[in-house]
Amino acid sequence: DLAARALRLRIRLSGTPALPAAGSLAIAAESCNHAGAPHRPAPLSVPLTPAATAAGEIAVTLRLGATARLWDEFSPALYCLALRLDTPTGSDEFTLTTGLRDFRARGTQFAINGRTTFLRGEVNCCVFPLTGHPPMDVAGWRTYYRVLLDHGLNHVRFHSWTPPDAAFTAADELGLYVQTELPFWGEWNDSIRTALLPEAEAILRAYGHHPSFVAFTLGNEHRGERAPMSALVATLRALDPGRLYAEGANNFLTAPSQSPADNFWITARVPDPQHPGRFANVRGCHATQDGPDGHLQIGPGGTRHDYSAAIAGIQIPVVSHEIGQFSVAPDFGEIPRYSGVFAARNLEHWRDRCAAAGLLADAPAVHRASAKLAALLYREEIEAALRTPGFGGFQLLGLQDFPGQGTALVGLTNALLESKGAITPAEFRRFCAPHVLLARFDRHTWTAGETFTADIDLAHYGPADLPAGTLAWELRPNGGACLQAIPAKDRLQAGSYTGTIPTPSTPAGGLRHIGEISFPLPTTAAAQSFELRLNLTAGSTTIATAYPLWIYPAPPPSPNTDPPSPLLARAFDSAAQSALASGSRVLLLPDTAHPFALTPGGAFMSDFWCWTMFHNKPGTLGLLIDKGHPALAGFPTAEYSDWQWFQLAQVSQ
């Protein structure tokens with residue numbers, strides 16, 4: 001009870017052959033898991049009355065006082081309770097650790113202890129390949145959670161299962177918000193409700209004292225009858241109102257609708273408020289059968305897209321369901337590290353297929369390139385959610401690979417929680433953290449001399465308001481090449497543009513607009529890649545990020561005579577090869593029926609989740625680029641797909 005700064009305890013008594021009629025219950029509390037001296041509220045002594053003995057239960061309010069320590073992600077202070085029952089026939093002791101917090105839906109966002117927060121989550125699918133089971137000790141869960149925390153996450157959803165007590169204990173200590181679920185994924189009717197009710201009650205009774213346990217749902221992607229789901233949610237809320245409830249995650253996925261029973265809504269799409277009968281996305285991509293396709297699949301590029309139009313009119317928090325799912329090519333170097341109960345037979349299968357096709361030598365490079373693409377796609381997924389005013393949060397699927405359903409290597413860590421090397425946790429936290437700088441601009445590719453304009457927002461879900469400050473920006477070329485025609489007043493050092501703007505004070509708990517930047521892009525003699533660096537200083541807080549940009553020289557004036565047209569080739573045949581050998585230009589657009597054409601067809605985004613799960617044929621995992629090839633001499637690129645390839649790779653052959 002946060003308002004009263006008190007803990008309300010319901011204490012069950014049991015004894016054989018009967019409970020004693022006399023005695024006393026002593027309750028002491030001490031705060032822990034925080035810096036500074038512990039807080040010790042006044043202890044209680046409660047007489048054991050005949051009424052309590054008859055009922056077998058005592059209800060007690062332990063008042064902590066105005067200086068009580070609160071639990072949240074920034075300061076997960078806990079209270080260690082010690083209970084001692086003394087009776088004429090003997091004594092008994094019991095200890096419990098809990099926390100004082102209030103987690104609720106406030107409008108379209110979540111609030112912890114009255115302060116708006118944003119769920120930055122990961123979906124845990126019970127992947128523990130070395131042991132074959134989840135950790136049963138607190139240390140094992142700390143190891144897993146610290147990977148999440150290192151990547152800026154503050155939330156975990158347990159997909160269709162509930163972990164052991166040790167998982168909640170570790171989350172309590174580290175300040176993670178936990179959503180757990182009933183073990184069901186399917187068709188609902190009243191018999192399912194009846195079957196699951198005892199398990200749901202047992203989960204609440206076993207784990208309800210954990211402050212990390214903030215949300216409870218009925219499972220994953222349910223269908224069938226809604227009334228039994230709503231009835232079960234109502235029963236559980238009445239039993240334990242100390243957390244939020246929802247009927248499930250992404251229920252009725254082909255035609256989702258909000259349930260009046262839900263405190264929050266986990267979904268991939270919502271009814272389109274502007275087009276009745278259609279649906280609007282609240283995530284960036286989908287499986288083909290789970291369409292419509294998202295903005296990462298079909299565009300437009302740039303960093304302005306958000307979901308504000310989609311959630312208009314929705315009155316509860318919306319959480320993006322299982323965002324990401326960007327496939328990464330296998331790393332066969334993982335195989336020897338499966339030293340526990342599982343062997344990596346799935347990876348061995350694909351290694352052997354690669355070897356048979358003569359592609360094994362390229363596999364490490366393909367893995368690196370596809371992982372780099374996945375990392376930049378995850379950034380846009382996360383930033384689109386953060387750019388949305390009043391949004392509730394997101395749940396990644398996932399930070400970790402999933403070895404089931406045909407093998408979905410969608411993580412930035414493998415199934416063993418080891419980094420794939422595509423992005424460091426510190427780099428990930430630049431766009432996944434309590435404070436994130438967000439630049440909104442139209443596109444990543446520009447022509448020299450154009451005016452670049454960006455709106456600068458701050459997603460501020462930190463512990464306190466920020467004072468007025470300064471945003472410093474810098475346009476820096478990659479590779480150290482100098483820019484042309486830089487006015488001296490704009491020169492920070494050789495080869496860079498720079499500027500500063502003042503920023504207002506920003507209250508915590510939302511998306512804040514802090515300014516705009518606009519400047520003419522430099523004149524370049526050749527295409528170049530750049531980095532737009534942003535650095536906000538507000539009091540003692542510093543927040544930084546950077547975005548890639550590409551600038552191409554303006555086209556020269558038209559000559560008096562047209563250059564010779566390139567040869568349009570539909571196959572890389574002898575005519576095309578001869579033309580190239582003679583110095584002519586060739587535009588190769590292969591027919592889809594020609595063996596040279598890529599069977600899956602081209603795309604910019606990686607294939608979704610796992611091609612054997614959703615498709616009859618595989619998709620693509622981006623490009624592996626020979627950046628030193630003469631054909632790319634005028635086109636700045638890395639070895640992997642980046643945003644300047646977006647339009648080129650879409651629907652390509």
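- The pair Glu531-Arg476 fails the salt-bridge criterion, with no side-chain N (NZ, NE, NH1 or NH2) lying under 4.0 Å from an Asp/Glu carboxylate O.
- In this structure, Glu427 contributes its side chain and Thr424 its backbone to a donor-acceptor pair below 3.5 Å.
- Ring-plane geometry between Phe428 and Phe431 is classed as tilted, the angle between the planes lying from 30 to 60 degrees on a 0 to 90 degree scale.
- With a 4.5 Å cut-off on side-chain heavy atoms, Gln528 and Pro636 do not count as touching.
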- Task: Evaluate the criterion side-chain hydrogen bond (donor to acceptor under 3.5 Å, both in side chains) for residue pair His159 and Asn124; output intermediate values, then yes/no.
- Result: CA-CA 6 Å; His159 183 316; Asn124 180 283; over 6 Å; no

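- Checked for salt-bridge contact, Arg368 and Glu639 miss the test: no charged N lies under 4.0 Å from a carboxylate O.
- In this structure, Ile543 CD1 and Ile514 CD1 are separated by 7.5 Å, a value rounded to the nearest 0.5 Å.
- A heavy-atom distance below 4.5 Å is not found between the side chains of Asp331 and Leu409.
- Close placement of the His222 and Phe184 rings is indicated, their centers lying within 6.0 Å of each other.
- Under the 4.5 Å side-chain criterion, counting only non-hydrogen atoms from C-beta, Met605 is in contact with Leu296.
- In this structure, Pro135 and Pro164 approach most closely via the heavy-atom pair O-CG, 3.4 Å.
- Considering only heavy atoms from C-beta on, Phe441 comes within 4.5 Å of Leu549 through its side chain.
- For Phe530 and Trp473, the distance between ring centers is not under 6.0 angstrom.
- The side-chain hydrogen bond (donor to acceptor under 3.5 Å, both in side chains) test applied to Thr637 returns Trp645, not counting sequence neighbours.
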Donor-acceptor pairs under 3.5 Å, side chain of residues 390-407 to any protein atom, not counting sequence neighbours: which ones?
residue, atom, partner, partner atom, Å
Gln395, NE2, His155, NE2, 3.0
Gln395, NE2, Gln179, OE1, 2.8
Gln400, NE2, Val127, O, 3.3
Gln400, NE2, Ala415, O, 2.9
Asp401, OD1, Val410, N, 3.2
Asp401, OD1, Gly411, N, 2.8
Asp401, OD1, Lys420, NZ, 2.8
Asp401, OD2, Lys420, NZ, 3.1
Gln405, OE1, Trp609, NE1, 2.6
Thr407, OG1, Asn346, ND2, 3.0

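- At least one cation-pi condition fails for Arg223 and Phe252: the charged atom is not both under 6.0 angstrom from the six-membered ring centre and inside a 45 degree cone around its axis.
- Not one N or O on the side chain of His435 forms a donor-acceptor pair closer than 3.5 Å with the backbone of Ala459.
- The backbone N or O of Ser419 lies less than 3.5 Å from no partner atom in the side chain of Asn414, so there is not a single donor-acceptor pair.
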Listed pairs under 3.5 Å, donor-acceptor, residues 347-355 side chains, sequence neighbours left out:
residue, atom, partner, partner atom, Å
Glu348, OE1, Arg345, NH1, 3.1
Glu348, OE2, Arg345, NH1, 3.4

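- For Trp643 and Phe604, the ring centers are positioned less than 6.0 Å apart.
- Between Glu173 atom CD and Ser212 atom OG the span is 10.0 Å, to the nearest 0.5 Å.
- In this structure, Trp446 has its ring center closer than 6.0 angstrom to the ring center of Phe452.
- Using the six-membered ring where Trp is involved, Phe213 and Phe168 have ring planes that are tilted, between 30° and 60° apart.
- At least one side-chain heavy atom of Tyr547 sits less than 4.5 Å from a side-chain heavy atom of Leu534.
- The aromatic rings of Tyr144 and Phe128 lie perpendicular to each other, with more than 60° between the two planes, well past the 30° mark.
- Using a 4.5 Å heavy-atom cutoff, the side chains of Leu386 and Leu438 are in contact.
- Under the 4.0 Å criterion applied to side-chain N and carboxylate O atoms, Glu383 and Arg430 are not assigned as salt-bridge partners.
- The shortest distance between side-chain heavy atoms of Phe326 and Val328 does not fall below 4.5 Å.
- Ion pair Arg283/Glu381 not flagged as a salt bridge, since none of the NZ, NE, NH1 or NH2 atoms sits closer than 4.0 Å to an Asp/Glu carboxylate oxygen.
- The only member of Arg387, Arg440, Arg304 that meets salt bridge (Lys or Arg N to Asp or Glu O under 4.0 Å) when paired with Asp455 is Arg304.
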